[in-house]
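Because the structure is predicted, anything quoted here is derived from the model rather than measured. First the proteins, then the strands, lettered A, B, ... as listed; each starts at 1.
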Number of protein chains: 2
Amino acid sequence: MPCRKGCGPQWWHGKVKDCGYRITAGREAIIEALSSTHDHLSAEDVYARIHDKYPNVGLTTIYRTLDMLVNLGLVFKFDFGDGKARYELTEGPKGAHHHHHLVCTGCKRVIDYTDFIDDEVELLRRTEKGLSDKYRFRIDNHLIQFYGTCTECLAK
Amino acid sequence: MPCRKGCGPQWWHGKVKDCGYRITAGREAIIEALSSTHDHLSAEDVYARIHDKYPNVGLTTIYRTLDMLVNLGLVFKFDFGDGKARYELTEGPKGAHHHHHLVCTGCKRVIDYTDFIDDEVELLRRTEKGLSDKYRFRIDNHLIQFYGTCTECLAK
DNA sequence: CTTATTTCTGGAAATGATTTCCATTAAACA
DNA sequence: TGTTTAATGGAAATCATTTCCAGAAATAAG
């Protein structure tokens, strides 16, 4: 048998084990849920998507696991201003598809975008270098969001 | 008498009145608190700084007022990951001193920075233009934060 | 200035996301 | 397989933020 779920060794197992954490069914389910969508899931969303298949995974475990994954750098936690945290994988089985967000302050809709990133990446690299030198700060990540009003909300 | 507080007409009165809001002592106190610091104040922080001088301004009013100011665009609301929202004036009596943030994920310390902004401003302008054209989105604002570890936390 | 209208207020109670507790279960590794 | 130790879930606790509502205050009208 190749692997518990018949899908090859999981790309994230190494990082989790290396940090002394165990691989459990709940954790597999949570990462699977995050892997299988581009939506910005809240903890409750993850619970809802998992619950049919894994009725014995509780909300508490989801919060705990997401927190662990954020600390490991496998997941990014976002705040889009609607009162609940949202989570996204920072990298997937096929590697990261880096993107930033456009947040509509009217309807709270979030658009991912990956275009114009080339120039941004170049500038970000320079900026991060400059900042970490000047402030003696090790930069691991960045968050870029644009706020505004989407077409639908503008129409009102 | 020049003005209620003897300090000239307040720069923000116009915007508040134009939107149909009233000028009250509580609101003056809250904006004064935000104006007089570069710290990233939470609602409770504002309460603490105001309470001696204005013991009759309650927390509820502070939340309500900050929310109003965010909607008017006079205040920006931040989430640095410590569970409470932080507020900063977007512009002051002397105009905005635009900056971005460096957040230490270890100790949650936040460093403001204004350097390297020139290149960023240029790229941001272009990016915002491109995004608003492509997604037909009116962009009002942006949020840029870098996450990492500060010198003190690195030392551990 | 006085009164009328409507917003603003604070305090208590409600809310809702997230955490904590703790006895039980299940990975991991010898 | 047995032992060790981390992980679990469900209930209760926490804590920032909102909601309610009757009274106070700001603006508009007279």
Side-chain angles (χ1 to χ4, degrees), chain A residues 3-5 9-10 12-31 40-48 50-72 75 77-87 108, chain B residues 3-5 9-10 12-31 40-48 50-72 75 77-87 108:
Chain A
C3 148
R4 187 186 331 205
K5 299 208 145 349
Q10 299 285 5
W12 49 274
H13 283 191
K15 201 170 251 179
V16 170
K17 280 185 175 162
D18 288 352
C19 293
Y21 296 107
R22 295 174 178 178
I23 307 297
T24 69
R27 288 171 181 178
E28 305 234 27
I30 291 164
I31 293 199
H40 315 97
L41 303 181
S42 65
E44 201 110 26
D45 290 338
V46 172
Y47 180 82
I50 278 179
H51 193 253
D52 282 347
K53 212 169 169 184
Y54 305 84
N56 46 345
V57 173
L59 236 198
T60 304
T61 292
I62 294 178
Y63 275 109
R64 262 188 305 230
T65 299
L66 289 171
D67 198 47
M68 175 197 84
L69 294 171
V70 168
N71 286 330
L72 289 185
V75 164
K77 181 179 184 178
F78 292 96
D79 166 42
F80 296 134
D82 67 344
K84 53 191 78 170
R86 307 271 164 180
Y87 301 86
K108 309 295 184 193
Chain B
C3 149
R4 188 190 328 207
K5 296 206 146 353
Q10 300 284 6
W12 50 275
H13 283 190
K15 202 169 249 179
V16 170
K17 280 185 175 163
D18 288 352
C19 293
Y21 295 107
R22 295 176 176 175
I23 307 297
T24 69
R27 288 170 181 177
E28 305 234 26
I30 291 163
I31 294 199
H40 316 96
L41 303 181
S42 65
E44 201 111 28
D45 290 338
V46 172
Y47 180 83
I50 280 181
H51 193 255
D52 282 346
K53 212 170 170 186
Y54 303 85
N56 47 344
V57 173
L59 236 199
T60 304
T61 291
I62 294 178
Y63 274 109
R64 264 188 303 231
T65 299
L66 289 171
D67 199 46
M68 176 198 83
L69 294 171
V70 168
N71 287 330
L72 290 185
V75 163
K77 180 178 182 178
F78 291 97
D79 166 42
F80 296 134
D82 67 344
K84 53 190 79 172
R86 307 270 163 180
Y87 302 85
K108 309 293 183 191

Quiz item: Do you know which two heavy atoms are closest between Tyr47(B) and Val57(B), and how far apart they sit?
Solution: CE1-O, 3.3 Å
Quiz item: Is there a donor-acceptor pair under 3.5 Å between the side chain of Arg22(B) and the backbone N or O of Lys17(B)?
Solution: no
Quiz prompt | Between P of dT18(D) and CG of Asp67(B), the distance in whole Å | solution = 6 Å
Quiz prompt | Residue whose nearest DNA chain D nucleotide is more 5′ - Lys17(B) or Lys77(B) | solution = Lys77(B)
Exercise. Could you check how far NZ of Lys84(A) sits from C1' of dA16(D), rounded to whole Å?
Key: 15 Å
Quiz item: Can you check the Ile62(A) CD1 to dG10(D) P distance for me, whole Å?
Solution: 11 Å
Practice problem: Just grab all the salt bridge (Lys or Arg N to Asp or Glu O under 4.0 Å) pairs involving residues 54-71 of chain A, residues at least two apart or on different chains. | Solution: none
Quiz item: Over how many whole Å does the gap from Ile30(A) atom CD1 to dT8(D) atom P extend?
Solution: 7 Å
Practice problem: Mind calculating the distance between OH (Tyr47(A)) and C1' (dT19(C)) to the nearest angstrom? | Solution: 17 Å
Quiz item: Which whole-number value in Å describes the distance from Tyr54(A) OH to dT8(D) P?
Solution: 13 Å
Self-check item: Candidates dT18(D), dT27(D), dT9(C) - which lies nearest the side chain of Ile23(B)
Solution: dT27(D)
Quiz item: Is the distance from OP1 or OP2 of dT18(C) to the nearest side-chain N or O of Tyr63(A) less than 4.0 Å?
Solution: yes
What N/O pairs connect the protein and nucleotides 3-8 of chain C at under 3.5 Å? Give each pair on its own line.
{"from": "dT6(C)", "atom 1": "O2", "to": "Arg22(B)", "atom 2": "NH1", "distance (Å)": "3.1"}
{"from": "dT6(C)", "atom 1": "O2", "to": "Arg22(B)", "atom 2": "NH2", "distance (Å)": "3.2"}
{"from": "dT7(C)", "atom 1": "O4'", "to": "Arg22(B)", "atom 2": "NH1", "distance (Å)": "3.3"}
{"from": "dT7(C)", "atom 1": "O4'", "to": "Arg22(B)", "atom 2": "NH2", "distance (Å)": "3.4"}
{"from": "dT7(C)", "atom 1": "O2", "to": "Arg22(B)", "atom 2": "NH1", "distance (Å)": "3.4"}
{"from": "dC8(C)", "atom 1": "OP1", "to": "Arg22(B)", "atom 2": "N", "distance (Å)": "3.3"}
{"from": "dC8(C)", "atom 1": "OP1", "to": "Arg27(B)", "atom 2": "NH1", "distance (Å)": "3.0"}
{"from": "dC8(C)", "atom 1": "OP1", "to": "Arg27(B)", "atom 2": "NH2", "distance (Å)": "3.3"}

Exercise. In whole angstrom, give the distance that lies between atom CG of Leu41(A) and atom P of dA17(C).
Key: 15 Å
Self-check item: Closest to the Thr60(A) side chain, choosing from dT20(C), dT27(D), dA28(C)
Solution: dT20(C)
Quiz item: Between Leu69(A) (CG) and dA7(D) (P), how many Å, whole number?
Solution: 12 Å
Practice problem: Look at atom NZ of Lys108(B) and say whether more than 12 heavy atoms of other residues, nucleotides or ligands are closer to it than 6.0 Å. | Solution: yes
Exercise. Search all heavy atoms of Tyr54(A) against all heavy atoms of Ala25(A) and return the closest pair with its distance.
Key: CE2-O, 4.3 Å
Quiz item: Considering only dT17(D), dC21(C), dT18(C), which nucleotide approaches the side chain of Leu59(A) most closely?
Solution: dT18(C)
Self-check item: Under the side chain to side chain contact (heavy atoms under 4.5 Å, CB included) test, residues paired with Lys84(B) that sit two or more places apart
Solution: Ser42(B), Asp82(B), Arg86(B)
Self-check item: Ring centers of His40(A), Phe78(A) separated by less than 6.0 Å
Solution: no
